[in-house]
Amino acid sequence: MSALKLLVIPGSLRSGSLNAKLAAVAAHELSVAGADVTRASLSDFPLPIYDGDLQAKSGVPKNAVNLKRMIRAHHGVLIVTPEYNSSVPALVKNTIDWVSRVQDPHEVRGEVFHERVFAIAAASGGRLGGTRALAALRLILSACHATVIPNQLALSFAEHAYDDMDHLKHPADIEALQALVRQLIDLSQRMM
Ligand SMILES: Cc1cc2nc3c(=O)[nH]c(=O)nc-3n(C[C@H](O)[C@H](O)[C@H](O)COP(=O)(O)O)c2cc1C
């Protein structure tokens, strides 16, 4: 059987991003568990703010098409999002909005969400660890008819969660990540 292919996408472009660090740790755990992991950066897929007039005039931007095809080449996706003002950053929402408008030949629009498993995680400096962003992201992905796995990871006080090697240092965080990884792998395998 071919390898399970999983895509990890951090929802922050910031250098030193706590979410990019969490995405890196998660990608490592997923590959240790046997998955073939790709890490994407949204900086490689810059997109204008969604505008229906722009779509009507010029179509969906190539970067949205490319990202959608990258997602399609994987069995499951992990999105690691920051929390901005109790929700997802515009970057994450705008990217999903554009990707949801892509319709390749012989496909139903939004099909890329229906046929994949999504996992969600967040890291923030606060006590809630981005829990509200995760609730928002779960709702958005569910609206796209994605299967979002029940486990999620909200990494609180994230500035203090990593050691000098950028590994998670608290056992509870490591256990939560491992539970997320296990469930993402189990459910994604059913999509193979
Ligand atoms: C516009 C803005 C709004 C924010 N709102 C929240 C918030 O609602 N809850 C929270 O825990 N952190 C909030 N933060 C802090 C972010 O969680 C923190 O900056 C985090 O490091 C961003 O993720 P990153 O390190 O991956 O870039 C906010 C930050 C910004 C810039």
Side-chain angles (χ1 to χ4, degrees), residues 6-32 35 37-51 63-64 66-67 70-71 74 76-100 117-144 146 148-181 183-184:
L6 298 175
L7 181 64
V8 178
I9 309 176
S12 172
L13 306 177
R14 194 174 71 81
S15 56
S17 158
L18 298 167
N19 286 277
K21 272 189 205 179
L22 183 55
V25 175
H28 176 73
E29 288 291 328
L30 288 164
S31 46
V32 167
V37 182
T38 310
R39 269 161 68 189
S41 170
L42 293 181
S43 60
D44 294 329
F45 303 92
L47 290 164
I49 289 291
Y50 181 83
D51 172 352
N63 281 336
N66 289 344
L67 180 57
M70 182 182 262
I71 293 171
H74 293 80
V77 181
L78 169 63
I79 301 177
V80 188
T81 184
E83 179 171 282
Y84 282 1
N85 296 316
S86 302
S87 190
V88 289
L91 172 71
V92 173
K93 179 66 163 65
N94 189 55
T95 300
I96 294 172
D97 289 345
W98 272 120
V99 168
S100 73
V117 173
F118 285 75
I120 55 177
S124 98
R127 187 170 49 85
L128 296 179
T131 307
R132 294 163 301 189
L134 291 177
L137 183 55
R138 186 176 289 280
L139 186 65
I140 294 162
L141 291 170
S142 300
C144 295
V148 188
I149 69 169
N151 280 351
Q152 60 184 32
L153 171 59
L155 186 66
S156 353
F157 306 119
E159 279 105 343
H160 308 292
Y162 302 98
D163 66 17
D164 294 345
M165 306 285 285
D166 284 344
H167 299 146
L168 291 175
K169 59 183 185 192
H170 303 306
D173 295 335
I174 295 168
E175 276 166 35
L177 177 63
Q178 286 173 343
L180 181 81
V181 159
Q183 199 170 56
L184 176 58

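Values in this document were obtained by computation on a predicted structure and should not be read as measured data. Just so you know, ligand 1 is whichever comes first in the structure, and atom 1 is the first atom listed for that ligand.
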Show me the donor-acceptor pairs within less than 3.5 Å that the side chains of residues 38-48 make with the rest of the protein, sequence neighbours left out.
from : atom 1 : to  : atom 2 : distance (Å)
T38  : OG1    : H74 : NE2    : 2.8
S41  : OG     : S43 : N      : 3.2
S41  : OG     : S43 : OG     : 2.6

Which pairs would a plain distance check flag for residues 164-178, meaning a side-chain donor or acceptor within less than 3.5 Å of a matching protein atom at least two apart in sequence or in another chain?
from : atom 1 : to   : atom 2 : distance (Å)
K169 : NZ     : H160 : O      : 3.4
H170 : NE2    : H160 : O      : 3.4

Legend entry - Sole residue of T81, L13, N19 in side chain to side chain contact (heavy atoms under 4.5 Å, CB included) with P89: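 Of all the options given, the one that passes is T81.
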Quick check: does any side chain N or O of Y50 sit under 3.5 Å from a backbone N or O of I96, one acting as donor and the other as acceptor?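 Absent.
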| query | Taking the side chain from R138 and the backbone from P150, do they hold a donor-acceptor pair closer than 3.5 Å? | reply |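 A pair under 3.5 Å: yes.
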**Prompt:** With hydrogens left out, which residues have an atom under 4.0 Å from ligand 1, given that only heavy atoms count?
**Reply:**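 Its neighbours under 4.0 Å (heavy atoms only) are S12, R14, S17, L18, N19, P82, E83, Y84, N85, S86, S124, R132, given by chain and number.
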Show me the donor-acceptor pairs within less than 3.5 Å that the side chains of residues 25-32 make with the rest of the protein, sequence neighbours left out.
from : atom 1 : to  : atom 2 : distance (Å)
S31  : OG     : A27 : O      : 3.1
S31  : OG     : H28 : O      : 3.1

